[in-house]
Each structure stands twice: as C-alpha cells, then as structure tokens.
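Notes follow the structure.
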Amino acid sequence: MSNIVNNLVEDYIRTTLKEKDGLLRELEEYANEHNVPIVHKEVSELLKVLLKIQKPKRILEVGCAIGYSSILFASVLDKDVEIITVERNEKMIEKAKENIKLAGFEKNITILEGDAEEILKEVEGPFDMIFLDAAKGQYKLFYDMVIDKLRVDGLLISDNILYKGMVAHDDFVIRRKKTIVKRMRNYLDYICNCDYLSTSLIPIGDGVALSYKNNKRGDVNA
Ligand SMILES: C[S@@+](CC[C@H](N)C(=O)[O-])C[C@H]1O[C@@H](n2cnc3c(N)ncnc32)[C@H](O)[C@@H]1O
C-alpha cells in the first residue's frame with residue numbers, strides 16, 4: 001500500500017509495464033533482495049519518456065545508490081551523454097562502480113563520492129537535467145546548490161516527494177518522520193510557487209515533481 005495511488009490502480013499500471021531485461025533487470029532483483037531503494041518501475045518509465053523527449057546531454061543526479069537510474073538514463077540516451085552522480089555510502093559506491101563497468105558506461109557516468117552537501121558546491125554546470133533522489137529532508141538545500149547550474153529550459157526532477165503519502169496528509173505521518181515531512185512540504189511549496197519554474201506534482205511511485213526552468217529568476221511566466 002503506497003498511500004498515494006489506489007492499490008488496484010497501481011497494480012493495473014504495473015501490468016502494463018514492459019519487463020526490463022539484461023543488467024537492469026538483474027539490478028532490480030538485487031535491489032529488491034537487498035532493500036536498496038531504486039526508482040519505482042512506473043517512475044522509470046516516466047523518466048524514459050522524458051529523456052527521449054528532452055534528450056539531455058548533461059545530467060546531474062543526487063543519489064546514485066547501486067547505479068540503476070544512471071545506467072537507465074545512459075541506456076536511453078545518446079552515446080555521448082555525460083552523467084554525474086553523487087553518492088556518500090561506500091558500499092553503494094563500490095556496487096555502482098561494478099555495475100557501471102558491467103553496463104559499459106564508464107565513459108558516460110562519473111560518481112562523485114561523498115556528501116552532496118559538500119560535493120554539489122564544486123560541481124560545474126550547466127546541466128540539461130537534474131535528478132534529486134537522495135535524503136528527502138535535504139531537497140531544498142540541494143536545490144539551492146544546483147538550481148543555477150540547471151540551464152533555462154532544463155528539467156529538475158525530484159523523486160519521493162509524497163513520501164508514502166505522509167507529505168500529502170497528516171493521517172499518514174509517522175511521528176519520527178515529522179521533520180522530513182515538514183521540510184518536504186516546504187520544498188514543494190517553494191518549487192510550486194517560485195516564478196521561474198513550472199512544476200507539476202505527479203502521484204506515481206512515491207510521488208515525482210517535474211519542474212521546468214522557464215527563464216531568469218524574477219521573470220513572470222504562466
Ligand atoms: C533512493 S537512493 C537512490 C536511488 C537511485 N537514484 C536509483 O534510482 O537507482 C538514495 C541514495 O542517496 C544516497 N544519499 C542520501 N543522502 C545523500 C547525501 N546527502 N549525499 C550523498 N548521497 C546521499 C543514499 O546513500 C542512497 O544510496
């Protein structure tokens with residue numbers, strides 16, 4: 001039960017998804033067995049469609065884990081795509097390196113090792129797409145560090161924004177998650193109301209926010 005979409009609807013949508021094959025499928029199985037949180041299946045399909053439309057050449061990802069989403073991005077995009085992904089967990093980094101090598105994307109995907117709070121300061125833009133998929137309580141902090149590195153017309157994608165429904169309604173909130181929920185609500189309030197982004201919140205997976213960067217800060221737009 002995701003608290004986000006009616007279970008019957010979610011089950012139905014899952015029946016429509018094509019099974020991945022090869023390494024991506026193996027990584028899904030590994031993630032499942034080892035409780036590694038990777039993008040939900042329906043979110044991965046949405047990302048594939050967005051990538052095919054937008055054709056980003058440079059992507060910044062915050063939260064690499066075992067490399068599943070980076071490998072997914074590289075497998076959909078042109079051979080010259082550059083993906084920079086940040087990860088602080090050493091075991092994840094080791095596994096991600098192995099997987100990226102197995103996938104043959106060592107030239108495309110670079111892992112920056114360490115805490116995003118430090119690393120993002122040093123990362124050089126511009127990026128065509130930024131994918132936030134790390135500590136949910138830190139999204140606003142990550143956002144502040146990366147938004148000027150996203151080019152105009154670029155896409156900011158924030159995953160897990162509804163966090164098991166807790167962000168949408170207090171009835172779902174577990175007491176020890178209150179701070180994260182409050183921070184995520186503040187982040188969503190910000191990206192939905194700031195005048196240089198057009199944002200849509202999508203209730204699939206654990207919730208995804210799509211934000212299109214319109215113009216310079218301060219420009220008025222629809
Ligand atoms: C949801 S997983 C990423 C999943 C991955 N994007 C995928 O779909 O295959 C989140 C990852 O972010 C990492 N992480 C969380 N906070 C971080 C931070 N402040 N700096 C670097 N990595 C962080 C965690 O160690 C974890 O591996």
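Counting starts at 1 for both ligands and their atoms, following the listed order.
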> Quick one: does S70 get a heavy atom under 4.0 Å from ligand 1?
Replying inline: no

> Does ligand 1 have a heavy atom under 4.0 Å from the side chain of Q138, from its backbone, from both, or from neither?
Replying inline: neither

>> Once salt bridge (charged side-chain N to carboxylate O under 4.0 Å, His left out) is applied, what residue pairs with a partner in residues 160-184 remain, sequence neighbours excluded?
In response: D170-R185

>> Among all the protein's non-hydrogen atoms, which is closest to atom 20 (N) of ligand 1, and how far away is it?
In response: A116 N, 2.8 Å

>> Is there a polar contact, in the sense of an N or O pair closer than 3.5 Å, between N89 and ligand 1?
In response: no

> Tell me, which protein residue and heavy-atom name are nearest atom 10 (C) of ligand 1, and how many Å apart are they?
Replying inline: D133 O, 3.1 Å

>> Any heavy atom of E87 closer to ligand 1 than 4.0 angstrom?
In response: yes

>> Assess, by modelled atom type and distance only, whether the side chains of N193 and D189 contain a donor and an acceptor separated by less than 3.5 Å.
In response: yes

>> I'd like to check V49 versus E45 (side-chain heavy atoms, cut-off strictly below 4.5 Å). Are they in contact?
In response: no

> D128 and salt bridge (charged side-chain N to carboxylate O under 4.0 Å, His left out): which partner among K213, R151, R58?
Replying inline: R151

>> The criterion is salt bridge (Lys or Arg N to Asp or Glu O under 4.0 Å); which residues satisfy it with R88, sequence neighbours excluded?
In response: D115

>> Is the contact between F73 and ligand 1 made by the side chain, the backbone, both, or neither, using heavy atoms and a 4.0 Å cut-off?
In response: neither

>> Using 30° and 60° as the class boundaries, would you call the ring planes of H169 and F172 parallel, tilted or perpendicular?
In response: perpendicular

>> Looking only at distances, can you tell me whether any N or O atom of V39, backbone or side chain, sits closer than 3.5 Å to an N or O atom of ligand 1?
In response: yes

>> Taking distance alone, with N or O pairs closer than 3.5 Å, would you say I38 contacts ligand 1?
In response: no

> Do NZ/NE/NH1/NH2 and the carboxylate oxygens of D78 and K57 come within less than 4.0 Å?
Replying inline: yes

> Any idea which atoms of ligand 1 are less than 4.0 Å away from a heavy-atom of F142?
Replying inline: 19 (N)

> Yes or no on side-chain contact (heavy atoms from CB on, under 4.5 Å) for F73 and S44, after CA distance, side-chain angles and deciding distance?
Replying inline: CA-CA 9 Å; F73 298 165; S44 75; over 6 Å; no

> Which heavy atom of the protein is the closest neighbour of atom 22 (N) of ligand 1, given with residue, atom name and distance?
Replying inline: R88 N, 3.3 Å

> Taking distance alone, with no angle check, do A134 and ligand 1 share an N/O pair under 3.5 Å?
Replying inline: no

>> Taking the basic N atoms (NZ, or NE/NH1/NH2) and the acidic carboxylate oxygens, is any pair closer than 4.0 Å for K95 and E98?
In response: yes

> Among all protein non-hydrogen atoms, which one is nearest to atom 12 (O) of ligand 1, and what is the separation to 0.1 Å?
Replying inline: G63 CA, 3.4 Å

> For ligand 1, is there an N or O atom under 3.5 Å from any N or O atom of G67?
Replying inline: no

> Starting from atom 1 (C) of ligand 1, which protein heavy atom do you reach first, and at what distance in Å?
Replying inline: P37 O, 3.2 Å

> Starting from atom 15 (C) of ligand 1, which protein heavy atom do you reach first, and at what distance in Å?
Replying inline: A135 N, 3.4 Å

> Closest non-hydrogen protein atom to atom 19 (N) of ligand 1, residue and atom name please, with distance?
Replying inline: D115 OD1, 3.0 Å

> Does G114 have a non-hydrogen atom less than 4.0 Å from ligand 1?
Replying inline: yes

> Under 3.5 Å between some N or O of ligand 1 and some N or O of S69?
Replying inline: yes

>> Can you see whether F127 has K149 sitting over its ring - NZ or CZ less than 6.0 Å from the centre and within 45° of the normal?
In response: no

> Looking at side-chain heavy atoms only, is the closest gap between F131 and D159 below 4.5 Å?
Replying inline: yes

> If every non-hydrogen atom of I109 is compared with every non-hydrogen atom of A74, which pair is closest and at what distance?
Replying inline: CD1-CB, 4.2 Å

